[in-house]
Every structure is written in C-alpha cells, then in structure tokens.
Amino acid sequence: MGSVSQPRQARSSRPHRRSPLLTPQAIEIAREALIDCGETGVGEHVGVTGINKHVAIHRFAAEVPGYPGWEWNVVVACAEGSDEVTINELALVPAPSGHALAVPEWVPYSQRVRPGDLGPGDLMPAPADDPRLVESADSPQAASVEGPERRTRHLSLKGLQDAKHRWRVGNYGPTSEFAEKAALNCASCAFFIPAAEPIGRHFGVCVNEFSADGILVNATYGCGAHSETKLKTHDQPGEVFDDEKPIF
C-alpha cells in the first residue's frame with residue numbers, strides 16, 4: 001500500500017498585528033508625557049526595549065546640563081486586544097553605554113582650580129615650576145619689583161605680562177562694555193592715579209567711589225563718571241505737546 005500523506009496545517013491568512021507600543025504614535029505619546037510633566041532637554045528618540053507583549057520602554061536622549069550619558073525612559077503599556085497606549089512611568093536614568101557611571105579621567109588639582117575658587121582659609125601653594133615666578137631677583141627673566149628682601153621667589157616677566165593681558169581684555173580694559181560706550185577714557189580723568197613701574201602708566205587705580213573704586217583699570221578704560229563729564233543741555237526747548245487738548 002502506498003503511504004498516506006499527512007495534511008499540512010493551514011497557515012493563518014490574517015496579517016500579523018503590529019504592537020501599538022512600537023508605533024510612531026506610541027513614541028509621540030511617550031514624548032508628550034515627558035513634556036507634560038515639565039521635563040526639559042528631551043532629545044531624539046534613541047530606541048525602544050520590549051519588556052513583554054504588553055509593556056515597552058521608549059528611550060530619548062537627555063540634553064540636560066550636568067547629566068552627560070543619561071537618557072529619558074518612558075514605560076508604556078497596552079492591554080490585551082486594545083490599541084490604547086498608556087503611560088506607566090518615566091525617569092531620567094543612565095544610558096546603557098555606561099558612560100554616565102564611569103569614573104571620569106583624573107584631572108590634577110593644579111589644572112582644576114579656577115580664578116575665584118580660593119576662599120578664606122584655603123591654601124594654594126604655587127608649584128615648583130610655576131612660570132610666573134623665578135628664584136632670583138637678579139635673573140634676566142625677573143620683573144623689577146621692589147619689595148622685602150625676605151622673598152625667596154620673585155615675579156617673572158611672563159607672570160607680569162600675563163597679568164597685563166588679563167587686565168587689558170577683562171572687565172576694566174579698553175574692550176569692555178563700559179569703555180566702548182564711554183565718551184572719555186581714564187587717562188584724562190582726575191580720579192585715575194597712574195601705576196608705577198613695572199606695571200606702568202598704561203594702568204592705574206580708580207578712586208571714584210561711584211565707579212571702579214580701588215580697582216586697577218586700563219588707561220583707555222572709561223565710564224560715565226569721568227571727572228570731565230558734563231550734562232548735555234538743549235539751547236532750544238522742544239515742541240510742547242498738549243495731550244489734554246480736545247481732538248474734536
């Protein structure tokens with residue numbers, strides 16, 4: 001007898017139903033949930049992780065200052081047989097790359113400290129190879145500064161030049177907002193006391209209590225409190241406008 005073939009199981013003709021949790025609409029619902037909760041720095045959609053057929057996590061880049069390597073996670077859910085996507089939870093979490101939790105590259109203390117970091121009682125010794133200092137006042141690299149003989153280190157020419165550069169480009173230099181809007185500069189002001197060498201007459205101290213009082217300023221700095229400042233006067237009065245005059 002011949003072999004009897006087994007009937008093949010008929011394949012379903014119904015198309016595969018895509019999960020509502022993976023649609024573009026689900027992404028927008030997740031994004032809107034973050035925005036509605038007042039979260040900021042919601043970047044582009046970076047992926048989705050399926051937990052099971054009813055729950056998924058949509059991930060968004062987090063453009064939040066102080067949180068490099070983090071991302072927004074929004075947990076979405078959908079009931080069996082439903083197309084309605086609901087929000088279960090949202091959170092700011094470290095990205096799977098692990099960069100957020102990795103120990104940053106070590107930066108020496110001498111490279112981390114910034115102007116203004118020094119507080120009362122803090123100690124910040126100059127490094128042994130500090131280019132701002134030299135060991136001998138007789139060195140050709142030393143700035144000529146009169147001072148107590150007990151000094152064991154002395155200001156270098158580079159230290160002085162660097163300081164002058166900071167003062168020129170700083171808040172009290174010729175390119176500052178005050179200087180650019182001033183009609184007169186400090187060099188012609190009675191409140192400007194020129195500095196002695198080695199700083200030089202291009203800098204001086206302001207003694208005007210209403211301006212940069214006690215601060216070293218550039219001679220080409222300026223402000224509205226210059227000693228020669230005069231109020232502008234009008235020889236002819238302007239046209240008088242009567243706002244109570246009847247218009248009909």
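Just so you know, these numbers come straight off a predicted model, no measurement behind them.
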Can you hop from [X] to [Y] via hydrophobic side chains spaced under 4.5 Å?
X: F192; Y: F203; value: no
X: V74; Y: V93; value: no
X: I27; Y: V85; value: yes
X: I87; Y: L22; value: no

Is a side-chain N or O of [X] found less than 3.5 angstrom from the main chain of [Y], in a donor-acceptor match?
X: R31; Y: G43; result: yes
X: T23; Y: P20; result: yes
X: S82; Y: A79; result: no
X: D36; Y: A33; result: no
X: S156; Y: P131; result: yes

Residue pairs passing the salt bridge (Lys or Arg N to Asp or Glu O under 4.0 Å) test where at least one lies in residues 201-225, sequence neighbours excluded: none
Whether over 12 other heavy atoms sit under 6.0 Å from [X] [atom1]:
X: E177; atom1: CD; value: no
X: N88; atom1: CG; value: yes
X: E180; atom1: CD; value: yes
X: R153; atom1: CZ; value: yes

Can you tell me if H226 and S188 form a side-chain donor-acceptor pair at under 3.5 Å? yes
Roughly how far, to the nearest 0.5 Å, is [atom2] of [Y] from [atom1] of [X]?
X: R132; Y: H154; atom1: CZ; atom2: NE2; value: 15.5 Å
X: Y221; Y: C206; atom1: OH; atom2: SG; value: 8.0 Å
X: L155; Y: Q141; atom1: CG; atom2: CD; value: 12.0 Å
X: T49; Y: N73; atom1: OG1; atom2: CG; value: 7.5 Å
X: S144; Y: E197; atom1: OG; atom2: CD; value: 9.0 Å
X: N218; Y: N171; atom1: CG; atom2: CG; value: 13.0 Å

So which atom in [X] and which in [Y] form the shortest heavy-atom distance, rounded to 0.1 Å?
X: G173; Y: A179; value: O-CB, 3.4 Å
X: C189; Y: S227; value: SG-N, 3.4 Å
X: L157; Y: P140; value: CD1-O, 3.5 Å
X: A182; Y: G222; value: CB-C, 3.5 Å

Which atom pairs, donor and acceptor, lie under 3.5 Å between side-chain atoms of residues 51-68 and protein residues at least two apart or in another chain?
| unit_1 | atom_1 | unit_2 | atom_2 | d |
| --- | --- | --- | --- | --- |
| N52 | OD1 | H54 | N | 2.8 |
| N52 | OD1 | V55 | N | 3.0 |
| H54 | ND1 | C78 | O | 3.3 |
| H54 | NE2 | E80 | OE1 | 3.0 |
| H58 | ND1 | H45 | NE2 | 3.0 |
| H58 | NE2 | L21 | O | 2.8 |
| R59 | NE | E71 | OE1 | 3.4 |
| R59 | NE | E71 | OE2 | 2.7 |
| R59 | NH2 | E71 | OE1 | 3.2 |

Results of side-chain hydrogen bond (donor to acceptor under 3.5 Å, both in side chains) for N208 - residues two or more places apart only: none
Taking C-beta and beyond as the side chain, do P198 and V145 meet within less than 4.5 Å on heavy atoms?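 When only atoms from C-beta onward are counted, V145 and P198 do touch, with a gap below 4.5 Å.
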H202 side chain reached by P194 side chain, heavy atoms, under 4.5 Å: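 A side-chain contact is absent here, since even the closest heavy-atom pair is not under 4.5 Å.
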Electrostatic pair K158-D162, nearest N-O below 4.0 angstrom: yes
Set out, in order, the CA-CA distance, both residues' side-chain angles and the distance that settles ring pair (Phe, Tyr, Trp, His ring centres under 6.0 Å) for W167 and Y172, then state yes or no. CA-CA 7 Å; W167 300 337; Y172 299 96; over 10 Å; no
W106 six-ring centre to R112 NZ/CZ under 6.0 Å and within 45° of normal: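 That pair qualifies as a cation-pi contact.
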L90/V75 under side chain to side chain contact (heavy atoms under 4.5 Å, CB included): CA gap, chis, key distance, verdict: CA-CA 6 Å; L90 53 88; V75 182; over 6 Å; no
